Amino acid sequence: MLSLAVGGLCHIGANKAVQYDGGVRFMQQARNAQYHIRSHIDSYTNVLRATAGFLDASDHVSRADFHRFADGLQLATHYPALDSINFTPYFTDAQRDAFEQQVQRAGNAAEDGYPPFQIRPPGRRDDYSVITMIEPIAAFRDRIGLDITSRPGVANALERARDTGQVTTSGKMIEMNNLGQGGGMAIRLPLYHRNLPRDTVEQRRAAYLGSVGIGFSVPRLVQLAMEQMQVRGVRLRLYDGGDREGSAGAVSTPYSALLFDSQPQGKDERGVSQYSVVLPLDFNGRQWQALFSAPKQAWSSSFDLFVPWLAMGAGFIATLMFFLLFHSLSSSRLRAIKIAKAMTKELRDSQAKLQQSHHKLRRLAAHADQIKEQERKRIAREIHDDLGQNLLVLRIETDQLATRTRHRHPRLHARAVNTLRQIDSVIKSVRQIINDLRPTVLDLDLNAALEWQITQFRQRSGMVCELIEHQHDIRVDEHCAMAFFRILQESLSNIARHARASVVRVELGQSDNMLHMTITDNGVGLRPSSRNKAGSFGLVGIEERISLLGGTCTISGAPNAGTTVAITVPLNLATSPADSRDSQTTHLAA
């Protein structure tokens with residue numbers, strides 16, 4: 001009975017785990033589709049802004065220019081759901097006759113494919129926003145001359161765009177049945193006179209020239225995102241919840257206006273266990289809601305469906321085996337003692353092997369540390385010789401450009417000066433990176449390297465830090481110098497982060513054929529638990545470096561009494577004539 005109960009619990013837990021895993025994968029795929037829909041909307045909005053910039057760059061853009069610009073975008077390849085790009089100038093009723101004559105003289109229908117220009121729908125109105133240029137013209141000839149403000153929703157969206165200067169949309173679907181593309185959506189961006197101010201609403205209204213717009217197929221936009229989902233059969237319903245400012249409660253009740261349904265004739269979902277989630281989408285000021293739903297069974301493989309039963313069997317068998325094992329152990333005490341003795345012997349052998357492995361790991365750690373420092377040195381040299389020189393050449397060229405454009409091209413000169421500042425910032429960052437990897441002062445001697453490190457610490461922390469040198473020009477090999485440098489670097493970093501000290505004192509000297517260094521601060525001190533704190537390897541790294549050099553390390557301190565780090569290394573192991581000569585040769589070559 002106990003085994004059956006444990007098996008039943010395992011079945012329930014495994015079933016919940018399978019459903020949870022399927023729900024997580026469903027949510028990830030839904031968010032992936034949401035991301036792709038957002039990305040496509042953003043890319044189409046960027047096309048709209050690029051079109052506005054193209055029209056704003058010239059006082060007059062012909063139909064041929066507009067066609068070449070649209071053709072260069074390669075809409076079918078890069079923006080498969082985008083159907084059209086158009087330009088609608090704004091004019092009043094008093095300007096209508098002159099505008100019609102100007103457009104009729106602008107192009108030749110036989111050459112550019114445009115139909116004879118005529119404003120539609122007929123009748124006189126106070127003002128107009130008429131489509132005069134649209135691409136591709138072959139598919140949208142019937143839109144030329146259409147006054148888009150004749151639709152109240154579009155007129156309100158245009159007024160909002162004119163007054164705010166932002167991208168807007170009416171939120172109304174555009175019929176594209178003549179192209180076999182289903183429903184579409186349009187967004188528009190206002191254009192203004194370049195030489196007129198546009199800081200206030202009144203100024204923007206006075207400077208208003210018209211707008212550029214794009215139309216795209218909502219079904220194709222959604223299908224492109226749905227293609228990224230790994231599991232087919234997911235149903236997506238896209239709703240328009242209205243303007244973002246007025247849809248605070250749209251997340252809970254998103255079913256305002258259905259824009260798209262991937263399965264309009266889908267099966268009845270009642271009574272079917274499903275995953276479902278509603279994700280928001282910002283469509284240029286309008287709050288869209290994407291409702292994803294899919295049967296839970298579609299997100300589980302045949303093995304997933306078998307897992308709960310497998311867990312049930314495993315729980316049942318494991319409980320029985322545990323009972324048999326317990327019974328066997330309780331009745332076999334002598335055998336257990338014998339096994340314990342054998343295990344003790346094996347443990348001792350393992351301890352000896354572990355000790356041997358420990359020594360190998362220490363040698364490997366020393367080798368890895370040496371390789372790391374060499375690699376840092378190589379990377380720093382590569383950055384200095386390659387990237388540093390290229391940045392210097394780039395700065396000289398930019399400086400010449402700024403000098404030559406100072407009087408004739410003020411805007412270009414300003415851009416060049418700005419670029420020059422950015423190059424200087426990059427050069428400064430590169431120098432800092434080189435110093436972080438391996439300061440060049442290490443090529444001098446140990447005294448100079450420690451003095452440089454202390455100077456940098458003073459500048460960063462603002463603490464009082466003094467270096468007391470009992471001997472000058474101490475000669476040690478590169479490995480020992482690097483170890484002392486890194487130990488001082490780690491100690492000062494710990495002081496800056498944890499000690500809350502105001503005075504730091506560093507002593508360096510040699511006596512009795514021993515090289516020693518002491519680092520003392522007047523901070524909060526070292527707590528007993530800090531030495532073995534999980535995830536902290538600073539003090540352990542210091543002790544390991546000194547151990548590899550055959551020296552000793554003493555770290556002492558008490559709460560509110562400061563901390564002292566004292567290290568001592570045999571001088572005959574820290575100094576190597578061959579290494580010293582190699583270091584001098586490297587320094588001279590550099």
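Computed from heavy atoms alone, side chains included, the values below leave out hydrogens, waters and symmetry copies. In what follows, residues are counted from 1 in the order of the sequence shown. Note that the coordinates shown come from a computational prediction; the quantities given were computed from them, not determined experimentally.
Summarising the geometry, atom CD belonging to Gln453 is positioned 11.5 Å from atom CG belonging to Leu467; distances are rounded to the nearest 0.5 Å. Atom CG of residue Leu221 and atom OG of residue Ser43 lie 8.5 Å apart, to the nearest 0.5 angstrom. Rounding to the nearest 0.5 angstrom, the gap separating the OG atom in Ser39 from the CD atom in Gln34 is 10.0 Å. The CZ atom of Arg406 lies 11.5 Å from the CG atom of Leu401; values are rounded to the nearest 0.5 Å. In this structure, CD1 in Ile383 is found 9.5 Å from CZ in Arg378, a value given to the nearest 0.5 Å. We find the CG-CD distance between Leu279 and Gln289 to be 8.5 Å, quoted to the nearest 0.5 Å.
The minimum heavy-atom distance between Val234 and Met226, with the atom names listed, is O-CE, 3.2 Å. Among all heavy-atom pairs drawn from Val524 and His498, the shortest one is CG2-O, 3.7 Å. Among all heavy-atom pairs drawn from Ile546 and Thr568, the shortest one is CG2-O, 4.1 Å. Nearest heavy-atom pair across His36 and Ala225 is CB-CB, 3.9 Å. Across all non-hydrogen atoms, the minimal contact from Gln287 to Pro280 is NE2-CB, 3.1 Å. For the pair Ala496 and Phe457, the tightest heavy-atom approach, listed with the atom from each and the gap, is CB-CE1, 4.0 Å.
Using a 4.5 Å cut-off on side-chain heavy atoms (C-beta onward), Ile495 and Ile519 make contact. Between Leu73 and Phe54, the closest side-chain pair of non-hydrogen atoms is not below 4.5 Å. Under the 4.5 Å side-chain criterion, counting only non-hydrogen atoms from C-beta, Ile187 is not in contact with Ile41. Tyr20 is listed as a side-chain neighbour of Val24, based on a closest heavy-atom distance under 4.5 Å. You'll find the side chain of Val506 stays beyond 4.5 Å of the side chain of Leu508, heavy atoms only. Side-chain contact check for Lys345 versus Arg348: every heavy-atom pair is 4.5 Å or farther apart. Lys428 places none of its side-chain heavy atoms less than 4.5 Å from the side chain of Asp424. Taking 4.5 Å as the limit, every side-chain heavy atom of Leu492 sits out of range of all side-chain heavy atoms of Arg460.
A donor-acceptor contact closer than 3.5 angstrom is absent between the side chains of Asn46 and Asp42.
At most 12 non-hydrogen atoms from other residues, nucleotides or ligands lie less than 6.0 angstrom from CD of Gln351. Within a 6.0 Å radius of CZ in Arg31, other residues, nucleotides and ligands contribute 12 heavy atoms or fewer. The environment of Asp349 atom CG is dense: over 12 non-hydrogen atoms of other residues, nucleotides or ligands sit within 6.0 angstrom. Annotation for Arg404: atom CZ does not count as buried by contact number, only 12 or fewer foreign heavy atoms lying within 6.0 Å. The environment of Arg458 atom CZ is dense: over 12 non-hydrogen atoms of other residues, nucleotides or ligands sit within 6.0 angstrom.
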Review point. When you look at Arg486 and Gln489, which way does the side-chain contact (heavy atoms from CB on, under 4.5 Å) test go after all the steps?
Key: CA-CA 5 Å; Arg486 295 301 183 193; Gln489 187 180 49; 2.9 Å; yes
Practice item. Run the numbers on Cys480 and Leu515 for side-chain contact (heavy atoms from CB on, under 4.5 Å), then give the verdict. Key: CA-CA 10 Å; Cys480 180; Leu515 178 64; 4.3 Å; yes
Point to revise | Worked check of side-chain contact (heavy atoms from CB on, under 4.5 Å) between Met463 and Asp521 | key: CA-CA 10 Å; Met463 297 184 190; Asp521 67 77; over 6 Å; no
Practice item. For the pair Leu224 and Glu227, evaluate side-chain contact (heavy atoms from CB on, under 4.5 Å) and give the outcome as yes or no after the intermediate values. Key: CA-CA 5 Å; Leu224 287 173; Glu227 290 175 358; 4.2 Å; yes
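Side-chain N or O atoms of Thr419 include one that pairs as donor or acceptor with a backbone N or O of Arg415 at under 3.5 Å. Looking only at distances, a side-chain donor or acceptor of Asn522 sits under 3.5 Å from a matching main-chain atom of Val503. Distance alone, capped at 3.5 Å, is enough to place a donor-acceptor pair between the Asn390 side chain and the Asp386 backbone. Distance alone, capped at 3.5 Å, is enough to place a donor-acceptor pair between the Ser350 side chain and the Glu346 backbone. In this structure, His516 contributes its side chain and Ile567 its backbone to no donor-acceptor pair below 3.5 Å. Put simply, the side chain of Ser493 never gets that close to the backbone of Glu490: no donor and acceptor are under 3.5 Å apart. With Asn494 contributing its side chain and Ala499 its backbone, the two residues share no donor-acceptor pair below 3.5 Å.
Using a cut-off of 4.0 Å between Lys/Arg side-chain N and Asp/Glu carboxylate O, Asp21 and Arg25 are scored as salt-bridged.
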